[in-house]
Amino acid sequence: MKPTFSNVSAFDNCIAAVKACDLFLGIITPKYGSGRDGDGISITHQELLTAIEENKPRWLLAHDHVVFARKLLARMGYDTAEKRAQSPFKPGGSVMDDLRVIDMYEAATREDIQLKDRTGNWVQKFVNGEDALRYATAQFYRFQEVRRFLDEHLADVDRVRARVQEDLQR
């Protein structure tokens, strides 16, 4: 866990934590996330985009309501972020507070890349906490497999050493 600094904004602390992490576990729920600068994208959304940009090993869960809403809106002709933003649907209340949770899901599934070329696009749907826990347990229960995955991604000793030195100097 990376320490937070009071002389740095919450946004900057969160993005720095994503850049410093070895693994990224993201959960996309019907709630878009707190920490928005006006109408800008939420810090949660920014963290996800940063993890993708940094090519962090990542595991993502998306609530069934998000997946369902995406499919429903696409069938109604609102199949892109731009079309959804212009739609008459005004989320709010207890079901979904912002349609941009669908944008997060599409970023996580790498909709911007041809299907045959996608990697890192697995997003596990969940309905409740038990589903989410089952996925996390299945992914991390066999720590030897996770360790082998990490070893493959952290095999460049010079790169890792430079990163550690950089972190220590902060």
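In what follows, every heavy atom counts, from backbone to side chain, and hydrogens, waters and symmetry copies are set aside.
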Distance in Å, Q124 CD paired with I27 CD1, rounded so as to fall on 0.5 Å steps: 12.5 Å
Counterpart residues, side chain to side chain donor-acceptor pair (under 3.5 Å), relative to T29 (two or more places apart): none
pair F24-I52: side-chain heavy atoms closer than 4.5 Å: no
Same apolar cluster (I L V M F W Y, side chains within < 4.5 Å links), M76/V66: yes
Residues which pass side chain to side chain donor-acceptor pair (under 3.5 Å) with E54, listed by chain and number, not counting sequence neighbours: none
Note, F126 side chain near L133 side chain (heavy atom, < 4.5 Å): no
Neighbour count above 12 (heavy atom, 6.0 Å) for K125 NZ: no
Heavy-atom check, side chain of T44 versus side chain of M104, under 4.5 Å: yes
Residue pair A51 / V18: nearest heavy atoms and the distance that separates them: N-CG1, 3.6 Å
Closest approach of P30 to H65 (non-hydrogen atoms, all atoms of both residues): CG-CB, 3.8 Å
Under the ring-ring contact (aromatic ring centres under 6.0 Å, His included) test, residues paired with F89 that sit two or more places apart: Y78
All salt bridge (charged side-chain N to carboxylate O under 4.0 Å, His left out) counterparts of D22, not counting sequence neighbours: none
Separation between CD1 of I102 and CZ of R70, rounded to the nearest 0.5 Å: 8.5 Å
Which residues share a side chain to side chain donor-acceptor pair (under 3.5 Å) with E47, sequence neighbours left out: none
Residues which pass salt bridge (charged side-chain N to carboxylate O under 4.0 Å, His left out) with K83, listed by chain and number, not counting sequence neighbours: D79
Contacts of D103 that satisfy salt bridge (charged side-chain N to carboxylate O under 4.0 Å, His left out) - sequence neighbours left out: R84
Partner residues of F140 under the ring-ring contact (aromatic ring centres under 6.0 Å, His included) criterion, sequence neighbours left out: W59
Test item: C21 and K56 side chains (from C-beta on) under 4.5 Å apart, heavy atoms: yes
Cluster check F68, L73: I/L/V/M/F/W/Y, side chain < 4.5 angstrom: yes
Just list the side-chain donor-acceptor pairs under 3.5 Å for residues 114-121, sequence neighbours left out, or say none.
from : atom 1 : to   : atom 2 : distance (Å)
R118 : NE     : R110 : O      : 3.0
R118 : NE     : I113 : O      : 2.7
R118 : NH2    : I113 : O      : 3.2

Residues in ring-ring contact (aromatic ring centres under 6.0 Å, His included) contact with Y32, at least two apart in sequence or another chain: H45
Taking every non-hydrogen atom, the tightest pair across A132 and L61: CA-CD2, 3.9 Å
Nearest non-hydrogen partners of L49 and A107, listed with the distance: CD2-CB, 3.7 Å
Derivation and outcome, side chain to side chain contact (heavy atoms under 4.5 Å, CB included), residues M96 and V101: CA-CA 8 Å; M96 187 173 290; V101 296; 3.7 Å; yes
Non-hydrogen side-chain atoms of W122 and L60 separated by less than 4.5 Å: no
Co-members of F11 in a cluster of I, L, V, M, F, W and Y side chains, linked at under 4.5 Å: I15, I43
Atom pair CD/OG1 of E111 and T80 - distance to nearest 0.5 Å: 12.0 Å
L23-Y135 co-clustered via ILVMFWY side chain contacts under 4.5 Å: yes
Qualifying residues under side chain to side chain donor-acceptor pair (under 3.5 Å), relative to H63, sequence neighbours excluded: none
